[in-house]
Amino acid sequence: QVHLVESGGGLVQAGGSLRLSCAASTRAFSSYAMGWFRQAPGKEREFVARISGSGEIKYYMWSVEGRFTISRDNAKNTVYLQMNSLKLEDTAVYYCNVLRSTYGTGTLFRWGQGTQVTVSS
């Protein structure tokens with residue numbers, strides 16, 4: 001089991017920015033693809049972005065493409081999500097997880113507590 005701790009959420013006005021962080025407790029971090037997901041009230045958890053172990057391959061859901069950027073620092077066992085031009089519909093609890101594959105969205109470990117992002121008008 002890998003322990004995942006998300007942070008960086010908060011309240012921001014529409015059009016603003018936030019940077020989320022996710023620290024993973026594993027020495028094999030650089031070998032894992034990582035993903036960000038989110039869950040809005042009353043909705044299913046959905047995929048947001050993923051990044052390969054090396055950081056070279058990235059993929060985004062269509063609604064965040066061009067606004068969000070996923071990155072990682074393997075020396076710090078941390079993956080980031082830079083969120084710009086935030087919209088009301090980005091309001092959700094954001095989670096990270098280790099992915100089964102660089103090219104999929106299946107996850108390997110239990111979810112962390114997540115970090116709340118609230119976008120206000």
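Atoms considered below: every heavy atom in the structure, side chains included; atoms not considered: hydrogens, waters and symmetry mates.
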Measure the spacing between CE of M83 and CD1 of I70 and express it to the nearest 0.5 Å. 12.0 Å
What I'd like to find out is whether the side chain of E6 reaches to under 4.5 Å of the side chain of S21, using heavy atoms alone. no
Under a plain distance cut-off of 3.5 Å, with no hydrogens placed, do Y59 and R50 share a side-chain donor-acceptor pair? no
Side-chain contact test, heavy atoms from C-beta onward, threshold under 4.5 Å: evaluate it for M61 versus E46 and give yes or no. yes
Between Y60 and T69, is any pair of side-chain heavy atoms under 4.5 Å apart? yes
Step-by-step side chain to side chain contact (heavy atoms under 4.5 Å, CB included) determination, L108 to Y32: CA-CA 10 Å; L108 276 177; Y32 287 130; 4.2 Å; yes
So L11 and S120, do their side chains get closer than 4.5 Å, heavy atoms only? yes
Would you say that V12 contacts T118 through its side chain, given a criterion of any heavy-atom pair below 4.5 Å between the two side chains? no
As a quick check of understanding, evaluate side chain to side chain contact (heavy atoms under 4.5 Å, CB included) for R38 and R45, giving each step before the final call. CA-CA 5 Å; R38 67 186 183 187; R45 184 157 23 212; over 6 Å; no
In the structure I gave you, are the side-chain heavy atoms of N97 and W111 within less than 4.5 Å of one another anywhere? yes
Nearest 0.5 angstrom please: C96 SG to R72 CZ, how far? 10.5 Å
Tell me yes or no: between the side chains of T91 and E89, is some donor less than 3.5 Å from an acceptor? no
Criterion side chain to side chain contact (heavy atoms under 4.5 Å, CB included) on K87 and R67, from CA distance to verdict: CA-CA 10 Å; K87 302 178 180 181; R67 300 188 297 122; 3.7 Å; yes
For the rings on F68 and W36, is their centre-to-centre separation under 6.0 Å? no
Any luck finding a side-chain donor-acceptor pair between D73 and T78 under 3.5 Å? no
Got Q113 and V5 here, is their nearest side-chain heavy-atom distance under 4.5 Å? yes
Nearest heavy-atom approach of L81 to A49 is CD1-CB, 4.3 Å
Hey, any chance I57 and F37 share a hydrophobic cluster, counting ILVMFWY side chains that come within less than 4.5 Å of each other, even indirectly? no
Minimum heavy-atom distance S85-D90, with the two atoms named: O-OD2, 4.5 Å
Residues L88, S121; criterion side chain to side chain contact (heavy atoms under 4.5 Å, CB included); working and verdict: CA-CA 7 Å; L88 296 178; S121 59; 4.1 Å; yes
Distance under 6.0 Å and angle within 45° of the ring axis: does R19 meet both against Y80? yes
Where is the tightest heavy-atom contact between A24 and V2, given as atom of each residue plus distance? CB-CG1, 4.0 Å
What is the distance from atom OG of S7 to atom CG of L20, rounded to the nearest 0.5 Å? 8.0 Å
If you count every heavy atom of other residues, nucleotides or ligands that lies below 6.0 Å from Q1 atom CD, does the total exceed 12? yes
Would you say K58 has more than 12 foreign heavy atoms packed within less than 6.0 Å of its NZ? yes
Under a 4.5 Å cut-off applied to non-hydrogen side-chain atoms, are T115 and V93 in contact? no
